[in-house]
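Within every chain, numbering begins at 1; the chains are lettered A, B, ... in the order of the sequence lines, protein sequences first and strands thereafter.
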Number of protein chains: 2
Amino acid sequence: MKGTEALTTIFREQGLRVTPQRQAIFRLLEGDVSHPTVESLFDRARADMPTISLKTVYQTVHDLEALGEVRVLDLGTGSVRVDPNVEDEHHHLLCTTCGRVRDLPVEFDGLIVPIRYRRDFTIDDVQVIFRGHCEHCFDRT
Amino acid sequence: MKGTEALTTIFREQGLRVTPQRQAIFRLLEGDVSHPTVESLFDRARADMPTISLKTVYQTVHDLEALGEVRVLDLGTGSVRVDPNVEDEHHHLLCTTCGRVRDLPVEFDGLIVPIRYRRDFTIDDVQVIFRGHCEHCFDRT
DNA sequence: TTGCTTGTTGACAACTCTTGTTGTTAGTAT
DNA sequence: ATACTAACAACAAGAGTTGTCAACAAGCAA
């Protein structure tokens, strides 16, 4: 995801307005590697801006997604997660106990679908989710 | 997934009762490769059994899952899908237009996480979702 | 077969996450 | 500064799934 200033320019170019609410969300997401849910973004945004609504956070996240600045992930945890890292291709490691998500660089070249299975299917995207337990949750199981 | 008779035995062994509703669901799932949603199972079950409730279908699916007889998939389509194929390891090809899901045999050996990323993480499961468009939906785009 | 015990059912409400609606506020270009 | 209109907050509603509970029936024993 680009920086707050760059996003401001991009939003204006697209005819989208840059409001304090949106800037707050830009700032929260910048450099965030925790893959936050919309709800948790909302909670953090509310600390500074008590009247911000959940809907606004969803809206802004979707706008960022439409601009390709974030990726919205559904890892099967019940709620959607925001991943501001769109620069590096990566997969995800999900702790099924605490819900923490970690990025996983793509270092393997095995994800190729044999041509006979692709013959009548156009593949746009691959999502790989590793599920397990992180150090913290493994200890206390 | 095992056959209806075998499931009847297994359920009884577990102290679970085998009702006409459950047997109907066993029969619907046997050999089904369409990865149906619970809702669609419900609709089909209702054809023969008009009073069956959605809750009963969910319940039975979860019981089957607990016994390892089906897998419950969340492919990000909004609703959960039931996969009775637990015998062969496979990934999934999802058409993001019509929602059809196809099994994909695992023929590649690339899904190994480098040890430095596994050091403090225990991996239980890998889910790979290929998204794209099936023949039918590609033509009409 | 009969009756008892207990898991299951079906109807309904509640829940979580996300999106639609609406009048009002405020960002942006001129 | 002004007008245009997107975005806002508040609220309600939608979809999918799960909880509650009284009535029921499967399974077991005699």
Look at [X] and [N] and indicate whether a side-chain polar atom (N or O) is within less than 4.0 Å of OP1 or OP2.
{"X": "A/T19", "N": "D/dC8", "answer": "yes"}
{"X": "A/H62", "N": "C/dT18", "answer": "no"}
{"X": "B/S53", "N": "C/dT9", "answer": "no"}

Taking atom CG of B/L75 and atom CD1 of B/I129, what is their separation to the nearest 0.5 Å?
5.0 Å

Approximate separation, where rounding is to 0.5 Å, of A/L41 CG and A/S34 OG
7.5 Å

Closest listed nucleotide, where the reference is the side chain of [X] and the choices are [options]:
{"X": "A/L54", "options": "C/dT18, C/dA11, C/dT9", "value": "C/dT18"}
{"X": "A/L16", "options": "D/dT17, C/dT21, D/dA7", "value": "D/dA7"}
{"X": "B/R22", "options": "D/dC8, D/dT18, C/dT8", "value": "C/dT8"}

Take atom [atom1] of [X] and atom [atom2] of [N], then tell me their distance rounded to the nearest Å.
{"X": "A/E13", "N": "C/dT28", "atom1": "CD", "atom2": "P", "result": "13 Å"}
{"X": "B/F42", "N": "D/dA15", "atom1": "CZ", "atom2": "P", "result": "15 Å"}
{"X": "A/R12", "N": "C/dA29", "atom1": "CZ", "atom2": "P", "result": "7 Å"}
{"X": "B/L41", "N": "D/dG16", "atom1": "CG", "atom2": "P", "result": "14 Å"}
{"X": "B/Y58", "N": "D/dT17", "atom1": "OH", "atom2": "P", "result": "3 Å"}
{"X": "A/E39", "N": "C/dT18", "atom1": "CD", "atom2": "C1'", "result": "11 Å"}
{"X": "B/R46", "N": "C/dG10", "atom1": "CZ", "atom2": "C1'", "result": "13 Å"}
{"X": "B/M49", "N": "C/dT8", "atom1": "CE", "atom2": "P", "result": "15 Å"}

No-hydrogen, no-angle side-chain donor-acceptor test under 3.5 Å, [X] and [Y]:
{"X": "A/T4", "Y": "A/E30", "result": "yes"}
{"X": "A/H133", "Y": "B/T122", "result": "no"}
{"X": "A/H35", "Y": "A/N85", "result": "no"}

Classify the nucleic acid contact of B/T51 as base, sugar-phosphate or nothing, counting any heavy atom under 4.0 Å across all strands shown.
sugar-phosphate

Across the strands shown, which category fits B/Q21 at heavy-atom distances under 4.0 angstrom: base, sugar-phosphate, nothing?
sugar-phosphate

Between B/V18 and B/R81, which is nearer to the 5' end of DNA chain D once each is assigned its nearest nucleotide?
B/R81

5'-most contact on DNA chain D (nearest-nucleotide basis), A/K55 vs A/G15, goes to A/G15

Does B/Q59 or B/R17 map to a spot on DNA chain C nearer the 5' end, using the closest nucleotide for each?
B/R17

Nearest-nucleotide 5' precedence on DNA chain C, A/S79 against A/P20
A/S79

